[in-house]
Asks: 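The structure under discussion is supplied below as structure tokens; questions concerning it will follow.
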Amino acid sequence: MTAGAGALAPVRDALARHDWQAAFDAAGTAVVDAPEEEALRTEMEAEAAWWLGRMDECIAARERAHQLFEDLGQHRRAGQCAVWLYEHHATTLRPAIANAWLRRARRVLDGDPECVETGALLLREAESAHGGGDLGRADALASAAIELARRLRSADLEAEALQAKGRVLIDQGEVAEGMGHLDEAMLLAAQGQLGPYTTGKVYCSLISACEELGDLDRAAEWTDATTRWAAQHPFAIFPGICRVHRAVVLKRRGSLAEAEQEALRASEELAGSHIANSAAAHAEVGDIRRRLGELELAEEAFSRARELCGRPCGELALLRLAQGRVDAAVAIIGDCVRDRGANRLARARMLPICVHVAVAAGDLDAAAEALTDLEEVVATYDSPMLRATALSTRARLLLARGDAVRAREVLLEALDRWVALGVPYEVATVHTLLGQAHREAGDQAAATAAFTEAVRLFDEIGARLDARRVLGDTKPELPAGLTSREVEVLRLIAAGMSNKEIAGALHLSAKTVSRHLSNIFTKIGATSRAGATAFAFEHHLIEPRR
């Protein structure tokens, strides 16, 4: 061993015990002589910098290591550096540079198929194809990586390949088979056979799949497990990514304040290391604040997300609706649906928003088209949350078309499903729609009960804006064009009071009461007090005597 090689021993030891700061410091002060030792030193420095979230220093060291390995003719190590550089630039949202490094990796590793480095390249090519909507190519590349990993007996490569193929299979509609691949990858992680990077990637992939499919219980369980694991790597990106997932679960469960704090912390932790997930965290903050009724603060969070990722997210369209900017909401959600392309699960998250916005804009044809797309996705995946979402969305469109009776039937089924899923915001939203359906169907008592429950749930989770809107919505449209004062008079007529008694009760003159009575009879088509009383009971303006 040369003196230079001995100088790298402390760096290797620190990396092995996952002491990233010690490894970074030791790599920065190590004195080496030979070019190969310098290449190894810079490669290890890049590794430690990545775990510390120091992405610029990581990329600089990795690029230098790549060049040194190429100069030395060590094409496998040079190829692996190129693969990592693809990933670094992809996570910091530099797609053109990332793809250039992916092509470089293919050139460097071409002609050397039986190595782990080529397997890593196959996986990144699979992920690129998957992101571009070419599921067939992604499937083939992931399958090739699995076969290579098993020939080479590389547990890390096999686990990464299994999760990659699992996600592709899920997007192809083969949910059970896809989740089976993810479970197999998780088994390798649970057995402690994987390095920390692969372990974190497998954990995150499984949680993301659960979230896309709406399996909140499973997502929450794995998020808790991953959070405990990530605590052992406190300087890595994984705690921040775990917080994003945890924020999603907390938001769904109605813990909005706690979800906001998790998402805010994640956005800060990931700011310099994983821009895409930092943007996702800011978007979560925006949606949580929208639900809390803090529209100005929501605007700030969504703006920050857009600054980072360059495009708006679908939930911004809901904020625009809350602000009364319907045309802006239409433009945003249209872009978001198109941006998701062939990824059906990603589109499925946008399509209910698309229907909501289209209904608000009065474009029921566009709403119907989006609903059809959503129901086609549900027919393929048929997860409980997707099914509940489709039912709520169909009911919203039925209400817009004036079919309150059918909307009510669909909403009652949706309500059962949302309650079973334990997601209070969605349950409250369905109660709001149900109140509207009851009211339009003429059942004011049921409408009031539904609106009351909606307000209770919204208040319970702190969704103040939604609660205020429901309170406004509970003021029913009075039948036959009656005014509030005329309804008061009608109720007293039904109670058997004379005009004089009504005048005394309402502090009106007898002449004013007589005028109200004349207007009431004209509006409701009654010719007697008995007819007026029957109208009042028929339209639920008073409770029947027991």
Side-chain angles (χ1 to χ4, degrees), residues 53 55-56 91-94 211 237 239-340 346 349-350 352-354 356-357 360-361 423-426 428-429 458-470:
M55 193 58 74
D56 289 343
T91 58
T92 51
L93 297 181
R94 301 168 184 142
E211 288 174 354
I237 65 168
I241 294 175
C242 290
R243 290 188 205 285
V244 179
H245 292 304
R246 180 167 165 76
V248 171
V249 171
L250 288 168
K251 180 181 76 172
R252 288 289 196 179
R253 294 302 188 207
S255 301
L256 298 184
E258 190 179 354
E260 181 185 19
Q261 291 305 309
E262 285 291 283
L264 278 171
R265 188 170 172 185
S267 67
E268 295 166 359
E269 290 177 348
L270 297 167
S273 57
H274 203 303
I275 304 303
N277 269 296
S278 181
H282 280 291
E284 277 300 316
V285 172
D287 193 51
I288 293 163
R289 287 174 173 172
R290 176 189 65 82
R291 295 186 180 203
L292 289 168
E294 299 169 349
L295 301 191
E296 291 186 9
L297 293 175
E299 184 73 52
E300 292 176 8
F302 280 125
S303 295
R304 182 57 180 147
R306 187 167 189 172
E307 288 172 9
L308 291 172
C309 69
R311 62 181 184 273
C313 64
E315 287 75 14
L316 177 60
L318 294 177
L319 176 62
R320 292 289 176 264
L321 281 189
Q323 295 167 330
R325 300 168 59 185
V326 177
D327 289 344
V330 170
I332 289 167
I333 196 58
D335 288 344
C336 287
V337 171
R338 284 189 294 273
D339 185 53
R340 296 312 187 274
R349 194 165 68 89
M350 297 295 104
I353 302 175
C354 191
H356 192 168
V357 170
V423 282
Y425 186 88
E426 285 72 16
T429 300
F458 281 136
D459 278 341
E460 191 174 274
I461 64 176
R464 294 182 291 275
L465 180 61
D466 293 274
R468 289 197 299 271
R469 285 181 173 161
V470 175

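It should be emphasised that the depicted structure is a prediction, and the values quoted were computed from it without experimental measurement. Numbers for residues simply follow the sequence, beginning at 1.
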Asks: Roughly how far, to the nearest 0.5 Å, is the CG atom of Leu316 from the CZ atom of Phe302?
Replies: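 Interatomic distance, Phe302 CZ to Leu316 CG, rounded to 0.5 Å: 5.5 Å.
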
Asks: Which heavy atom of Asn277 sits nearest to which heavy atom of Val244, and what is that distance?
Replies: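 Minimum heavy-atom separation between Asn277 and Val244: O-CG2, 4.0 Å.
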
Asks: When you look at Asp466 and Tyr425, which way does the side-chain contact (heavy atoms from CB on, under 4.5 Å) test go after all the steps?
Replies: CA-CA 9 Å; Asp466 293 274; Tyr425 186 88; 3.1 Å; yes

Asks: Is there a donor in the side chain of Ser255 and an acceptor in the side chain of Arg253, or the other way round, less than 3.5 Å apart?
Replies: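 Absent: no donor and acceptor within the cut-off.
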
Asks: Flag the pair Arg349 and Glu315 as a salt bridge only when some basic side-chain nitrogen lies within less than 4.0 angstrom of an acidic carboxylate oxygen.
Replies: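 Between Glu315 and Arg349 there is a salt bridge, with a charged N closer than 4.0 Å to a carboxylate O.
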
Asks: Please name the pair of heavy atoms, one in Ala283 and one in Cys313, separated by the smallest distance, quoted to 0.1 Å.
Replies: CB-SG, 3.8 Å

Asks: Identify the residue among Glu269, Glu262, Glu268 that makes a salt bridge (Lys or Arg N to Asp or Glu O under 4.0 Å) with Arg265.
Replies: Glu269

Asks: Can you tell me how far the CD atom of Gln323 sits from the CD atom of Glu299, to the nearest 0.5 Å?
Replies: 5.0 Å

Asks: Whether the side chain of Ser278 engages the backbone of Ser267 through a donor-acceptor N/O pair (distance < 3.5 Å, no angle test) should be reported.
Replies: yes

Asks: List the residues meeting salt bridge (charged side-chain N to carboxylate O under 4.0 Å, His left out) with Glu307, not counting sequence neighbours, and say none if there are none.
Replies: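 With sequence neighbours excluded, Glu307 shows a salt bridge (charged side-chain N to carboxylate O under 4.0 Å, His left out) to Arg304, given in chain and number order.
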
Asks: Quick one: do Leu321 and Val357 satisfy side-chain contact (heavy atoms from CB on, under 4.5 Å)? Show the steps, please.
Replies: CA-CA 7 Å; Leu321 281 189; Val357 170; 3.9 Å; yes

Asks: For Arg252, is there an ion pair with Glu211 - N to carboxylate O distance below 4.0 angstrom?
Replies: no

Asks: Salt-bridged, Asp287 to Lys251, with N to O below 4.0 Å?
Replies: yes

Asks: Short question: side chain of Arg469, backbone of Ala322 - any donor-acceptor pair under 3.5 Å?
Replies: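 Confirmed, Arg469 side chain pairs with Ala322 backbone.
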
Asks: Look up atom CD in Glu460 and atom CG in Leu256, then write down how far apart they are to the nearest 0.5 Å.
Replies: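 The distance works out to 11.0 Å.
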
Asks: As an exercise, state the distance from CZ of Arg243 to CG of Leu264, rounded to the nearest 0.5 Å.
Replies: 11.5 Å

Asks: Report the distance from atom CG of Leu250 to atom CD of Glu258, rounding to the nearest 0.5 Å.
Replies: 4.5 Å

Asks: Roughly how far, to the nearest 0.5 Å, is the CZ atom of Arg320 from the CD1 atom of Ile333?
Replies: 12.5 Å

